[in-house]
J.: 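Structure incoming, see below.
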Amino acid sequence: MAAGWLRELAGDRIEVRSAGSAPADSINPAAVEAMAEVGIDISHQNPKILTPESVQASDVVITMGCGDACPFYPGKRYEDWKLEDPAGKGVDEVRPVRDDIRARVEELIASLLPQENSAASTTAR
């Protein structure tokens, strides 16, 4: 869901890589449904394993509770997002997680693209 939001909200301004330390075989159907409700199609995504190479190629690494299973490299910016795990939950329980992720992604974008946000604020005045 985070990658879906980031692609939707940042477009091509931020390169998105999505992977997990223990990915499932398929995307959670409730997550697919919850994201479809807001017009974002993640049904074509496939879970991928997090590799040391993908972490090394990234400027910012967002983890969601993977702890020691995630590769760590000095000099990278890491954020661990404590989120309710949507695995095995229905769409009603996934919606609040989806919305929490959106808010976090918006904050991430603002921190990565601060000049754009300042220009937008100035223009809007």
Side-chain angles (χ1 to χ4, degrees):
M1 287 189 289
W5 276 123
L6 194 52
R7 286 183 184 104
E8 176 70 18
L9 299 173
D12 63 356
R13 298 175 298 162
I14 297 174
E15 182 180 345
V16 180
R17 294 182 186 92
S18 179
S21 57
D25 293 330
S26 62
I27 301 290
N28 178 340
V32 171
E33 184 178 347
M35 293 300 284
E37 290 176 350
V38 294
I40 300 172
D41 180 9
I42 62 170
S43 64
H44 61 283
Q45 298 297 315
N46 295 309
K48 295 174 259 337
I49 189 75
L50 182 65
T51 65
E53 294 79 19
S54 64
V55 173
Q56 287 176 326
S58 299
D59 296 318
V60 179
V61 180
I62 305 298
T63 60
M64 297 180 190
C66 67
D68 292 339
C70 289
F72 180 83
Y73 294 95
K76 300 289 177 191
R77 174 178 158 192
Y78 287 85
E79 290 186 25
D80 187 46
W81 292 356
K82 306 274 189 253
L83 297 164
E84 181 82 24
D85 187 352
K89 295 188 172 26
V91 70
D92 290 338
E93 295 171 288
V94 172
R95 284 184 193 113
V97 178
R98 173 200 65 199
D99 297 342
D100 185 9
I101 291 172
R102 179 186 176 135
R104 292 168 188 257
V105 166
E106 288 172 340
E107 289 176 15
L108 177 65
I109 292 169
S111 74
L112 294 173
L113 305 173
Q115 296 80 14
E116 288 186 22
N117 292 327
S118 296
S121 296
T122 303
T123 305
R125 291 182 187 183

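Starting from 1, each residue takes its place in the sequence as its number. Heavy atoms only: backbone and side chains are in, while hydrogens, waters and symmetry mates are out.
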J.: Taking atom OG1 of Thr63 and atom CD of Glu79, what is their separation to the nearest 0.5 Å?
T.: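 Interatomic distance, Thr63 OG1 to Glu79 CD, rounded to 0.5 Å: 9.0 Å.
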J.: Does Val97 belong to the same Ile/Leu/Val/Met/Phe/Trp/Tyr cluster as Ile62, with side-chain heavy atoms less than 4.5 Å apart forming each link?
T.: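 Yes; Ile62 is reachable from Val97 via cluster members.
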J.: Measuring from Asn46:CG to Ser26:OG, what's the distance to the nearest 0.5 Å?
T.: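 Answer for the CG-OG pair, Asn46 versus Ser26, is 9.0 Å.
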J.: Measure across Pro71 and Tyr78 and return the closest heavy-atom pair with its distance rounded to 0.1 Å.
T.: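 The pair with the smallest heavy-atom distance is O-OH, 3.2 Å.
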J.: Once rounded to the nearest 0.5 Å, what's the spacing between atom CZ of Arg102 and atom CD1 of Ile40?
T.: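 Going from the CZ atom of Arg102 to the CD1 atom of Ile40 covers 7.0 Å.
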J.: Measuring only between side-chain heavy atoms, which start at C-beta, is Pro86 closer than 4.5 Å to Met1?
T.: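 Yes - at least one pair of side-chain heavy atoms lies under 4.5 Å apart.
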J.: Can you measure from CD (Glu84) to CE (Met64) and round to the nearest 0.5 angstrom?
T.: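 Output value for this atom pair is 13.5 Å.
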J.: Between Lys82 (side chain only) and Asp80 (backbone N and O only), is there a donor and an acceptor less than 3.5 Å apart?
T.: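 Not confirmed, Lys82 side chain does not pair with Asp80 backbone.
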J.: Distance from Ile42 atom CD1 to Met35 atom CE, nearest 0.5 Å?
T.: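 Those atoms lie 5.5 Å apart.
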J.: When you group the ILVMFWY residues by side-chain heavy-atom contacts below 4.5 Å and let the links chain together, are Ile14 and Val55 in the same group?
T.: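 Each belongs to a different hydrophobic cluster.
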J.: Under 3.5 Å, side chain of Lys76 to main-chain N/O of Ser58, donor-acceptor pair present?
T.: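 Answer holds: yes.
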J.: Membership question, hydrophobic clusters at under 4.5 Å side-chain separation (ILVMFWY): are Tyr73 and Val60 in the same one?
T.: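 They do not share one cluster, since no chain of ILVMFWY contacts under 4.5 Å joins Val60 to Tyr73.
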J.: Can you check whether Ser111 reaches Arg77 side chain to side chain, under 4.5 Å on heavy atoms?
T.: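 When only atoms from C-beta onward are counted, Arg77 and Ser111 do touch, with a gap below 4.5 Å.
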J.: Of the non-hydrogen atoms in Val16 and Ala3, which two are nearest, and what is the gap between them?
T.: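 Distance-wise, the nearest heavy atoms are CG1-CB, 3.7 Å.
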J.: Considering non-hydrogen atoms only, spot the tightest contact between Asp41 and His44 and give its length.
T.: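 Minimum heavy-atom contact is O-CE1, 3.0 Å.
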J.: For the residue pair Arg7 / Ser18, report whether a side-chain donor-acceptor contact shorter than 3.5 Å exists.
T.: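 Side-chain D/A pair, Ser18 to Arg7: absent.
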J.: Within the side chain of Arg17, is there an N or O that forms a donor-acceptor pair under 3.5 Å with the backbone of Ala57?
T.: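 Pair found, side chain donor or acceptor close to backbone of Ala57.
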J.: For the residue pair Ser43 and Val32, what are the closest heavy atoms and their distance?
T.: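 Closest approach of Ser43 to Val32: CB-CG1, 3.8 Å.
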J.: Taking it one step at a time, do Cys70 and Leu50 satisfy side chain to side chain contact (heavy atoms under 4.5 Å, CB included)?
T.: CA-CA 7 Å; Cys70 289; Leu50 182 65; 3.8 Å; yes
J.: What distance separates Arg13 CZ from Leu112 CG, expressed to the nearest 0.5 Å?
T.: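 One gets 10.0 Å once the value is rounded to the nearest 0.5 Å.
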J.: List the atom of Ser21, the atom of Ile49, and the distance in Å for their closest heavy-atom pair.
T.: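 Here Ser21 and Ile49 meet closest at O-CD1, 3.4 Å.
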J.: Are Leu9 and Leu83 co-members of a hydrophobic cluster defined by side-chain heavy atoms under 4.5 Å apart?
T.: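 Yes; Leu9 is reachable from Leu83 via cluster members.
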J.: Which heavy atom of Ile27 sits nearest to which heavy atom of Gln45, and what is that distance?
T.: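 So the two residues come closest at CG1-O, 3.2 Å.
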J.: Side chain to side chain contact (heavy atoms under 4.5 Å, CB included) between Val38 and Trp5: does it pass, once the steps are laid out?
T.: CA-CA 10 Å; Val38 294; Trp5 276 123; 3.7 Å; yes
J.: For the pair Arg104 and Asp100, evaluate salt bridge (Lys or Arg N to Asp or Glu O under 4.0 Å) and give the outcome as yes or no after the intermediate values.
T.: CA-CA 6 Å; Arg104 292 168 188 257; Asp100 185 9; 3.0 Å; yes
